[in-house]
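Chain naming here is simple, since letters A, B, ... match the order of the sequence lines and numbering starts at 1 in each.
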Number of protein chains: 2
Amino acid sequence: MPEDLMRDEDSAEPKKPRQTRIQRKNRQAILEAALDAFAEAGFRGTTLDRIAEKAGLSKPNLLYYFASKEAVHGALLDGLLDLWLAPLRAMDADGEPVEEIVTYALKKLEMARVMPRESRLFAGEILHGAPHMMPEIEGPLRALVDEKAAVIADWMAQGRLAPTDPRHLIFSIWATTQHYADFDVQVRALLQPKRDEHFTQAAQFLETLYRRALTPA
Amino acid sequence: MPEDLMRDEDSAEPKKPRQTRIQRKNRQAILEAALDAFAEAGFRGTTLDRIAEKAGLSKPNLLYYFASKEAVHGALLDGLLDLWLAPLRAMDADGEPVEEIVTYALKKLEMARVMPRESRLFAGEILHGAPHMMPEIEGPLRALVDEKAAVIADWMAQGRLAPTDPRHLIFSIWATTQHYADFDVQVRALLQPKRDEHFTQAAQFLETLYRRALTPA
DNA sequence: CGTCCTCTTGACCTAATGGTCAAATTAATT
DNA sequence: AATTAATTTGACCATTAGGTCAAGAGGACG
């Protein structure tokens, strides 16, 4: 999974592979292990030994691939926002407004289901003040939100969507969908323990919620 | 604030004060400082020295009042769930359904505004698997949710509320409201930096959202 | 005002943890 | 096969952090 989170230095110029076979494999294993660990216990709660163990390496060997614990964390975070926002980017100004938004919410829910670790990693980062991600949030994220909020506002102005605050609408979609990843243990504890069935219910609920709230009178 | 989170041993039998004036003051200061610290940096990211410093005590002195870091954390968590669920408890089966739910959501939002630290403390706990709170979640919380879900289901059966999944409805209220506390830095980074004005907007948005989605056709 | 109990602290201990390093081992390359 | 470069690791180090302890300072009260 963290494949998506790894910056590939040489995407434009495949001059020198730079990454040997072994390197690629081990970096990969480290990021995978770290994602697991960080999502579970947070940055401070995760030890290098634990990551190394999960990755099947010795600690010094891990540090041969990443300069520090921070570096591992940073590598994970680097690609995360992009990955996370892909569905929002895909929201099409030329589509049918209600469908676009419902689709967005459902895609986001699906991501929460398939990538709960990424969601938790992100949640932890924001919860503790976004020390690493602030620039990306204030830059690209804000730009994207501004853009899409404008699209939604347009739809509303055209009467194709019941009027409400576009930004808070987006927040509510983030909140309701990520909730199923970030508060997973709580959700599971409060529902019957049928395997992931609740994601289907959640999808139905959210579709109903947003369809009712946004379909123009 | 953590006054509410402190277990008062002697509520029924005021036999022995047990708590001296100094004790009350210092325990209080410690919990207040710890709430700040834990909410900001999480359990593992918070040091006893930091708490002691914030509380204006020496570390050994802090440990005179609480046996361990765990104990401080536990003391904070102990009262938290009760405090957190008070608004849901207040939801009245005899009230007007839509109003009851909208009121609940708005109360919850208000709590997120007034007690963001408590919200973050809770979020961190759940995010990392609820190691301390699981019993309370599976016990009292689940019971309360079951009870209120039944009330909501009743309302829906009576046609006084548009039908949908009651539990997921509750989750959505938790998610959308707590989002403003837990993801505060993100919310602020994406909106104009007007002081807490966004809580008013959020209230309007949420009221609209739930009113539209729940008012029977 | 002396005694007992509460409170406070400086010094100290130990375990955990992030990180280093030189030496050894293994893969590439010629 | 030899040489070079990449990879791996055991031993080590320094710092941090949770927690202890014995002794001292402060308060309550007969």
S.K.: With sequence neighbours left out, write down each residue that passes side-chain hydrogen bond (donor to acceptor under 3.5 Å, both in side chains) with B:D36, or none if nothing qualifies.
M.R.: B:K54, B:R117
S.K.: Pull out every protein N or O sitting under 3.5 Å from an N or O of nucleotides 20-24 of chain D, one pair per line with the distance.
M.R.:
none

S.K.: Could you note down all residue pairs passing ring-ring contact (aromatic ring centres under 6.0 Å, His included) where residues 123-145 of chain B supplies at least one of them, sequence neighbours left out?
M.R.: B:H73-B:H132
S.K.: Can you list the residues that meet the salt bridge (charged side-chain N to carboxylate O under 4.0 Å, His left out) rule with B:R44, with sequence neighbours excluded?
M.R.: none
S.K.: Which residues pass the side-chain hydrogen bond (donor to acceptor under 3.5 Å, both in side chains) test with A:H179, sequence neighbours left out?
M.R.: none
S.K.: Among residues at least two apart in sequence or on other chains, which ones pass side-chain hydrogen bond (donor to acceptor under 3.5 Å, both in side chains) with B:T177?
M.R.: none
S.K.: Hey, does the side chain of B:N61 come within less than 4.0 Å of C:dC7's phosphate (OP1/OP2), counting only N and O?
M.R.: no
S.K.: List the residues meeting ring-ring contact (aromatic ring centres under 6.0 Å, His included) with A:H198, not counting sequence neighbours, and say none if there are none.
M.R.: none
S.K.: To the nearest Å, how far apart are B:K69 NZ and D:dG19 C1'?
M.R.: 12 Å
S.K.: Using a cut-off of less than 4.0 Å, is there contact between a side-chain N or O of A:N26 and OP1 or OP2 of D:dA6?
M.R.: no
S.K.: Please give, in whole Å, the distance from C:dT6 P to B:R27 CZ?
M.R.: 12 Å
S.K.: Round to a whole Å and report the spacing from CG of A:L57 to P of D:dT9.
M.R.: 7 Å
S.K.: Whole angstrom is fine here: how far is it from CG in B:L62 over to P in C:dT6?
M.R.: 19 Å
S.K.: From CZ of A:R24 over to C1' of C:dA27, roughly how many Å is that when rounded to an integer?
M.R.: 17 Å
S.K.: Reading DNA chain C from 5' onward, which residue's closest nucleotide shows up sooner: A:F43 or B:G56?
M.R.: B:G56
S.K.: Restricting to nitrogen or oxygen on both sides, can you table the protein-nucleotides 26-30 of chain D pairs closer than 3.5 Å?
M.R.:
residue, atom, partner, partner atom, Å
D:dA28, OP1, B:R21, NH2, 2.4

S.K.: Can you tell which of D:dG18, C:dT8, C:dG19 lies closest to the side chain of A:L48?
M.R.: C:dG19
S.K.: Excluding sequence neighbours, so at least two apart, what forms side-chain hydrogen bond (donor to acceptor under 3.5 Å, both in side chains) with B:Q204?
M.R.: none
S.K.: Would you tell me if any nitrogen or oxygen in the side chain of A:Y64 comes within less than 4.0 Å of OP1 or OP2 on D:dT8?
M.R.: no
S.K.: Walk me through whether A:I170 and A:I152 qualify under side-chain contact (heavy atoms from CB on, under 4.5 Å).
M.R.: CA-CA 10 Å; A:I170 292 173; A:I152 295 173; 4.1 Å; yes
S.K.: May I have all residue pairs that pass side-chain hydrogen bond (donor to acceptor under 3.5 Å, both in side chains) and include part of residues 58-67 of chain A, sequence neighbours excluded?
M.R.: A:N26-A:Y65
S.K.: Using the test side-chain contact (heavy atoms from CB on, under 4.5 Å), find all partners of B:V151 that sit at least two apart in sequence or belong to another chain.
M.R.: B:A93, B:W155
S.K.: Grab the two heavy atoms, one from A:M133 and one from A:L77, that are nearest each other, plus how far apart they are.
M.R.: CE-O, 3.4 Å
S.K.: Distance check needed: C:dC7 C1' versus B:F66 CZ, whole Å only.
M.R.: 15 Å
S.K.: Kindly confirm or rule out a cation-pi arrangement of A:R27 over A:F66, judged by NZ or CZ under 6.0 Å from the six-membered ring centre and within 45° of its axis?
M.R.: yes
S.K.: Would you mind reading off the distance between B:D49 atom CG and D:dG18 atom P, rounded to a whole angstrom?
M.R.: 7 Å
S.K.: Taking NZ from B:K25 and C1' from C:dT6, how many angstroms apart are they, rounded to a whole number?
M.R.: 13 Å
S.K.: Scan nucleotides 14-16 of chain D against the protein and return all N/O pairs shorter than 3.5 Å with their distances rounded to 0.1 Å.
M.R.:
none

S.K.: For a quick test of reading the model: is some side-chain N or O of B:Q23 closer than 4.0 Å to OP1 or OP2 of C:dT6?
M.R.: no
